[in-house]
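For clarity, every value in this text was computed on a predicted model and none was experimentally measured. Every chain is numbered from 1, with letters handed out A, B, ... down the list of sequences.
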Amino acid sequence: MPELPEVETIARGLHKRVTGDVIESVWLGRKPEPLKSTALEIARVLEGSRIGGVRRVGKHIVVDLERNPVARPPRSAKSRKTGLARRGFKTRPAPPSPTTLAEAGRAARPELAEGSIRSTAAGAIQSKSQWIVHLGMTGRLLVCEPQDEVLKHTHAIVQLASGRELRFVDPRRFGRLSVTRDGKFEAGGFEPLEVELDRFTVLFHGRKTPIKSALLNQKLLRGVGNIYADESLFRAGIRPRRRAASITHEQLRRLFLSVKEVLQEAIALGGSSISDYVDAAGEEGAFQLQHRVYGREGEPCLVCKTPLRRVVIAGRSSHYCPKCQK
DNA sequence: ACTATTTCCTGGATGC
DNA sequence: TGCATCCAGGAAATAG
């Protein structure tokens, strides 16, 4: 279940491997789509774009895209592969059309050199856009070779000029793909690793909701999920059910430090591999071995040996030590 | 304006 | 072995 450290690990791996590559063609799976934007919008923005870099914002992977603002020839309905996929496809997807959009554009408008910013297409084309990927619970974004087996639940295949492919695989379909045309993706909330203490304190001030729920609220802090919320609360000595408003300033300071500490340690270990999480290179993280409460219901607290408890808060299982956390 | 609950989705675990 | 049921959870939608 990718949270901030897992997404950070994936984004770093992708950044290293695909920055500078050019997207030649895009295949998107069937509806009901795992998509926020429409398949058409996604394909239009991606195809012909150069990957300027990959980074993390909250739990989102942001792929920054650049393109030559060339006039774009209309595509015929027949040439569009999007939406043609059928449920549970098992064969290789159709190969990319021999002429990519970018090539067609350059051929049609050779005077538009690399780096040109002007477009004749009435504001329809931006030089900066973004591909936004949210992995949900079980999503993966993998760099593959074309001959690699296409995994079940592959919902998108992005073919790169280098010959490799970026594949989005998501069995549970909680993941989302979308694009922006202005390069201005906004996630809301503050980055937990960047937020300052006074801001952090204000975020929770006066809230009646349990502190666990507040930590999971992406409009406050972005990137903290169930595992790291529980681990942070344990390190701070705060029970997950405590109302945010009832937490003292000193305890909030401890929580502030704990959140950063847990996330930084997890990033250093490549994230937590629970169930099937792997990074862009297929490597597992190691932070699951450092979990002190998450997934340890009934096991002894590592500090005081008291059996750990699990309760459900706002539909999320929450693990804590009844003695160490008040 | 907040907060709480429901919904989406499928594989794996559990129970009979 | 097989079949039904439950559970995991991020975030949007809905309800209170």
For A/L216 and B/dA4, give me the distance from atom CG to atom C1', rounded to whole Å. 14 Å
Shortest non-hydrogen contact from A/T306 toward A/C321: CB-SG, 4.2 Å
Go nucleotide by nucleotide along DNA chain B from the 5' end; which of A/R316 and A/H153 gets its closest nucleotide reached first? A/R316
Compute whether any side-chain donor of one residue and acceptor of the other, for A/D230 and A/H319, lie under 3.5 angstrom apart. yes
Any salt bridge linking A/E191 with A/R222? Criterion: basic side-chain nitrogen under 4.0 Å from a carboxylate oxygen. yes
The helix from B/dC2-C/dG16 to B/dC16-C/dG2: angle between end helix axes, five pairs per end, rounded to 10 degrees: 50°
Nearest-Å distance, CZ (A/R173) to P (B/dC9)? 8 Å
If you check the A/P210 side chain, which of B/dT3, B/dA4, B/dT10 turns out closest? B/dA4
What is the distance from CG of A/L215 to P of B/dT3, rounded to the nearest Å? 14 Å
Take the protein atom CZ of A/F204 and the nucleotide atom P of B/dC2, then report the distance between them rounded to whole Å. 14 Å
Starting from P on B/dC2, measure out to NZ on A/K208 and report it in whole angstrom. 11 Å
Atom-to-atom span, NE2 of A/H134 to C1' of B/dC9 - whole angstrom: 15 Å
So A/S213, base contact, sugar-phosphate only, or nothing? Heavy-atom distance under 4.0 Å. nothing
Contact boundaries of DNA chain C with chain A (under 4.0 Å, heavy atoms), 5' to 3'? C/dA8 to C/dA11
Between P on B/dA1 and NZ on A/K219, what's the gap in Å once rounded to a whole number? 13 Å
Kindly check if the number of other-residue, nucleotide or ligand heavy atoms within 6.0 Å of NZ (A/K184) is above 12? no
What pair of heavy atoms forms the shortest contact from A/G225 to A/L216, and how long is it? C-CD2, 3.3 Å
Taking 4.0 angstrom as the limit, do A/E250 and A/R254 come out as a salt bridge? no
By the 4.0 Å heavy-atom rule, please label A/R222 as base, sugar-phosphate, or nothing. nothing
Counting only pairs under 3.5 Å, give me each side-chain donor-acceptor contact of residues 192-208 of chain A, with atom names and distances, residues two or more places apart or in other chains.
{"from": "A/T201", "atom 1": "OG1", "to": "A/L197", "atom 2": "O", "distance (Å)": "2.8"}
{"from": "A/R207", "atom 1": "NE", "to": "A/L203", "atom 2": "O", "distance (Å)": "2.9"}

Looking at side-chain heavy atoms only, is the closest gap between A/H291 and A/F234 below 4.5 Å? no
Considering non-hydrogen atoms only, spot the tightest contact between A/R67 and A/R44 and give its length. NH2-O, 3.0 Å
When rounded to whole Å, the CD1 to C1' distance for the pair A/I313 and B/dA4 reads 13 Å
